[in-house]
Amino acid sequence: MATHANVNLPLPVLPEGWSGEKDFKAIGSISAATQRSIEPVGPHFLAHARRARHKRTFSEDDRIQAQENAKKVEDDDSGEISEPEDPSMLLRDAKDWKQQDHYAVLGLSKYRYRATEDQIKRAHRKKVLKHHPDKRAAAGGTEDDSFFKCIQKATEVLLDPIKRRQFDSVDERADVEPPSKKAAKDGKYYKLWSATFKAEGRFSKVQPVPKFGDEKSTKEEVDAFYNFFYNFDSWRSFEYQDEDVPDDNENRDQKRHMERKNNNARKKKKTEDSARLRKLVDDAMAGDARIKQFRQEANASKNKKKLDKEQAERDAKEAKEKEKAKAEQDKKDAEEKAKIERESNKKNKEQAKAAVKKNRRVMKGSVKDANYFVEGEAPASAINAVLADVETIQGKIDADETAELADKLRDLKLAADIKKVWTAEAKRLVDASKIKASDIKTLA
Amino acid sequence: MSAEEAPAQGATPGERIAIGISFGNSNSSIAVTSFDDKAEVIANEDGDRQIPTIISYVDGEEYNGQQAKQQLIRNYKNTVAYFRDYLGQDFKSIDPTHSHFSAHPKEHDSTIAFTIQDKEEGEPSTVTVSEIATRHLRRLKQSASDYTGKQVNSAVITIPTNFSEKQKAALTKAAADAGLEVLQLIHEPIAALLAYDARPESKVADKNVVVADLGGTRSDVAVIASRGGIYTILATAHDYEYAGVQLDKVLQDHFAKDFIKWHGTDPREDQRSMAKLKLESEATKKALSIGTNANFSVESLAEGADYASTINRLRYETIARKVLDGFNRLIEGVVEKAGLDVLEIDEVILSGGTSHTPKIAKNFAAIFPESTTILAPSTTPTAINPSELQARGAALQASLIQEYETEDIDQSTHPAVTTVKHLTNAVGVLSITGDESKGIFTPILSAETAVPARRTIHINVPKEGGDVLVKIVEGGSHIKVTKEEPAETNGNKDDSDEDSDDEPEERREKIWKVGKVLAEASVKDTKKGGKVEVMINVAGDLAVTVTAREVGAKGGVRGTLSAP
């Protein structure tokens, strides 16, 4: 229990010589108690049950409850509508309600288009309680109910969604002026423009409206923002600023004229508003450092592509040249090699030719040694016949065979042996059908 | 019992639409709490806030409340009245007197039933009292649902303190059948007390309260110790002899005799005449509670003769004296039963329809001392309508607990939580002097306080400040009876004896007698004109923690007494 009783009778003075440990002396304990049932009813029982079931002491429970209560109070406060009332506003006449700031009349100027219906209702009630003509009369004031009428009018407008929209359309007090270039310079650019566009976004038929963002916004976000505002779909309308259409039935033409005039005025204002917004977005974009940054980045990336291409081309060319040089070198090498080979071949051939010549000489020498296989002085015919046969054989055998045959013949001195070698050779050639047997006359 | 009512059982706390129901033998009422936690009794479709607990069938059509009450004249056989006390009882233990002029209760399968023609055609059917109660509660629920615009599905219902477990179960079942989840059954006197304590101007205090619930057919009185908003019933009394119908009867007899004088026939002998007489007597009684004169007029009371008369309040109070005195004895008896004296009663709450009678409140005011507040319409202008107290209390309780799970409610009302120790003696401090025989006892915790409990008081220090002694003692209250001795002091005893011949006025006062000393503590160096705060915290096991400190100062003395 937070309450406490007050007792006026004074406490006794501490007697002389009284002493106790820590100023306290326990003497007895409480008399035995009776068990009874308490009635499980009422808020205090609930508190008791809460303590008993959670095994809390009084102070613990107090603390926990206090915390819970504190939270509640905070929640309630947040919805509190309290604004000082402008004395000049209180003198307003309800007749010129079109000029009146309905939100200020209800004390909702800080909420404006964001005020919920519930807030408006509560604000209205609060104002009515304060400004009801009866209250004023009771407080000794006049029975002037003009401000009360203002309150009623404000509520009538704000609680009707159509009328509220019309009023919100022309509620310039909710606008946030676009920052001047100077103001936007010192690092406040994003904050100031954010506020402007947030206020501007209230007219959008499409909600939520993308945020202006800050220097950390990505390109997609920034693009989405500007696209949204360049294609802004606004519900803003200007009926509220219409001139009053005369309500009498007498002058129909006049009435129609007024209506037409109003319609034209609305259209004109709407067009002007669109233009205004477009200019606003243009201005914002012009000063937007992010756009510049993105452009630079885009340029940088384009250049990079070009350089890459050139590099690739250069590389290709280089590679080609290299290949070409290599091919030429190869060719050169091959030629050289061929030349060497040719030369060596020539030598070999010459050598072989020389060897063949020598061998042939050996062969001719051998038949000469054998005295052309005749006894005594060989007649010229015999010599010719033998040499013809030798030449026939020589013409039919290649260098190796010539060398072989020459080797066989070289050391032979006896005509019979020589003849034997020649006949064997001739026979071999006949057998190999390189020569005909008839071509060999003497050496067969 | 229909399909749409079935899911009402165990509705989650969020879906609950709870009301308070006072289900009386004669009248019922329903109350809801508005958004600012104010309980409000709702009128049914006839505009009645007190709905007679009567249900009647005419050509198969069901009537309840005031419309059914009118049927007691023509259609008494198909009209069931005064059935609340039959719930959950067997036939042997009920008193069917009050049903003599309506459908008669009959024994039926160990319960009680009525044979009524509740359908348009066919044989009369036998309807159990449980079913009757269900039908009545369903009508109440319907009225409440129509008023709130939401389907009501749970309720707190008030019951007399002497309701048995069986009766409670029968009532819970009847309510469940009517599609009402019974969040809690609370005692009628407690509901009445809660209705008063929930008023914003009432403070939480330690007080002894007598709740006199004077109804139509029974009177129940309870003495309740209210300690820091926790209620303990100390004693109860139930009386079936002194109640509203007895007051009606006095008027009936009075007018019947008058009628006999004029017409020679006794209207009490004829069923229909008697019913008319009863209804009109009740109306006259109610009129006399408001005005000092009332008319009594019945068309064709008996044998076609109209009857009209008037009666003033004084006359009524004179002829009803016997019954009114009965109430006095009842209330005096129960205070005695609680072991208390009338001086120790701080508040008397009159509840129930009969409490409107101004004489009853006036009598009670004479019984109790002037310091006792009598909360009745005729004595306290701010009193709540006694007929509405119980329903309001029930609605307040309903709004308190409807957020909780059924299991939570059951656990919190479990005897393990509700049965606690209560102090036998008051605990307080001695002021002026530390001498036990001379010091003046100031209670901090009253007797019959449920523990654990915590109380704080602020006590002045002596004028000059300095060190003070805080002596914690137990105290018992005594009633000191002194004989009035005008202009005398105890020095002159002879005179007073002589004076006593002409019946000396007794002066009774409540005094404290200092008992056991529990602890002493000292608060040093108090400032001039300062105050000492003493806080006593008694734990559930009777261990006591005493904290004494000067108001506004830091620290202080703290000590503990172990449990006995």
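Convention: sequence-line order gives letters A, B, ...; per-chain numbering from 1.
- B:Q411 touches chain A through backbone and side chain together, each having a heavy atom under 4.5 Å away.
- There is no contact between B:L193 and chain A, counting heavy-atom distances below 4.5 Å.
- Of the two parts of B:K516, only the side chain, counted from C-beta on, holds a non-hydrogen atom closer than 4.5 Å to a non-hydrogen atom of chain A.
- The closest side-chain heavy-atom distance from B:V468 to A:L14 is not below 4.5 Å.
- With chain B as the partner, the residue from A:S37, A:A49, A:A32 showing the most heavy-atom pairs under 4.5 Å is A:S37.
- Most heavy-atom pairs under 4.5 Å with chain B, from the set A:G42, A:A26, A:S31: that is A:S31.
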**OP:** Decide side chain to side chain contact (heavy atoms under 4.5 Å, CB included) for B:E520 and A:I27; before the verdict, give the C-alpha distance in whole Å, the side-chain angles of both, and the deciding distance to 0.1 Å.
**Re:** CA-CA 7 Å; B:E520 285 177 352; A:I27 295 165; 3.8 Å; yes
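- Summarising the geometry, atom OG belonging to A:S29 is positioned 7.0 Å from atom CG belonging to B:L561; distances are rounded to the nearest 0.5 Å.
- The candidate with the highest count of non-hydrogen atom pairs below 4.5 Å against chain A, out of B:A453, B:G393, B:A447, is B:A453.
- Both the backbone and the side chain of B:L518 come within contact range of chain A, with heavy atoms under 4.5 Å apart.
- Residues B:P452 and A:H48 are in side-chain contact: their nearest non-hydrogen atoms beyond the backbone lie under 4.5 Å apart.
- In this structure, chain A has a heavy atom under 4.5 Å from the side chain of B:N425, while its backbone stays farther away.
- Heavy-atom neighbours of A:E172 CD from other residues, nucleotides or ligands within 6.0 Å: at or below the threshold of 12.
- Within the 4.5 Å cutoff, the side chain of A:I38 has no heavy atoms near those of the B:Y231 side chain.
- Interface summary for chain A: among B:I230, B:T418, B:V470, the most heavy-atom pairs under 4.5 angstrom belong to B:T418.
- B:I401 has its side chain within reach of A:L46: a pair of non-hydrogen atoms, C-beta onward, lies under 4.5 Å apart.
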**OP:** Mind running side chain to side chain contact (heavy atoms under 4.5 Å, CB included) on B:V417 and A:F45 for me, showing each step along the way?
**Re:** CA-CA 10 Å; B:V417 177; A:F45 171 78; 4.3 Å; yes
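- With a 4.5 Å cut-off on non-hydrogen atoms, B:V420 touches chain A through its backbone and its side chain both.
- Heavy-atom minimum distance, B:L542 versus A:A33: CD1-CB, 3.8 Å.
- Salt-bridge check for A:D61 with B:R454: failed, with every basic side-chain N at 4.0 Å or more from each acidic carboxylate O.
- In this structure, A:L129 places its CG atom where more than 12 heavy-atom neighbours from other residues, nucleotides or ligands lie under 6.0 Å away.
- Within 6.0 Å of atom CZ in B:R558, 12 or fewer heavy atoms from other residues, nucleotides or ligands are found, so the atom counts as exposed in its surroundings.
- You'll find the side chain of A:I30 reaches within 4.5 Å of the side chain of B:V427, heavy atoms only.
- The structure places CG of A:L11 at 12.5 Å from NZ of B:K471, a figure rounded to the nearest 0.5 Å.
- Residues B:I409 and A:P40 fail the side-chain proximity criterion, which asks for heavy atoms closer than 4.5 Å.
- Counting non-hydrogen atoms of neighbouring residues, nucleotides and ligands closer than 6.0 angstrom, the CZ atom of A:R125 reaches no more than 12 such neighbours.
- Most heavy-atom pairs under 4.5 Å with chain A, from the set B:V544, B:L423, B:I233, B:I186: that is B:I233.
- Taken from NE2 in A:H44 to CG in B:L194, the straight-line distance is 9.5 Å, to the nearest 0.5 Å.
- Between chain B and the residues A:E39, A:Q35, A:R36, the most heavy-atom pairs under 4.5 angstrom are made by A:R36.
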**OP:** Please step through side chain to side chain contact (heavy atoms under 4.5 Å, CB included) for the pair B:N537 and A:F58, ending with a clear verdict.
**Re:** CA-CA 9 Å; B:N537 196 341; A:F58 280 97; 3.6 Å; yes
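- Among all heavy-atom pairs drawn from B:T560 and A:F24, the shortest one is N-CE2, 3.8 Å.
- With a threshold of 4.5 angstrom between heavy atoms, B:T526 does not approach chain A through any atom at all.
- No more than 12 heavy-atom neighbours from other residues, nucleotides or ligands sit within 6.0 angstrom of NZ on B:K527.
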**OP:** May I have the step-by-step check of side chain to side chain contact (heavy atoms under 4.5 Å, CB included) for B:E448 and A:T34, ending in yes or no?
**Re:** CA-CA 8 Å; B:E448 300 302 350; A:T34 35; 4.1 Å; yes
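- The neighbour count for A:Y113 OH, taken as heavy atoms of other residues, nucleotides or ligands under 6.0 Å away, is above 12.
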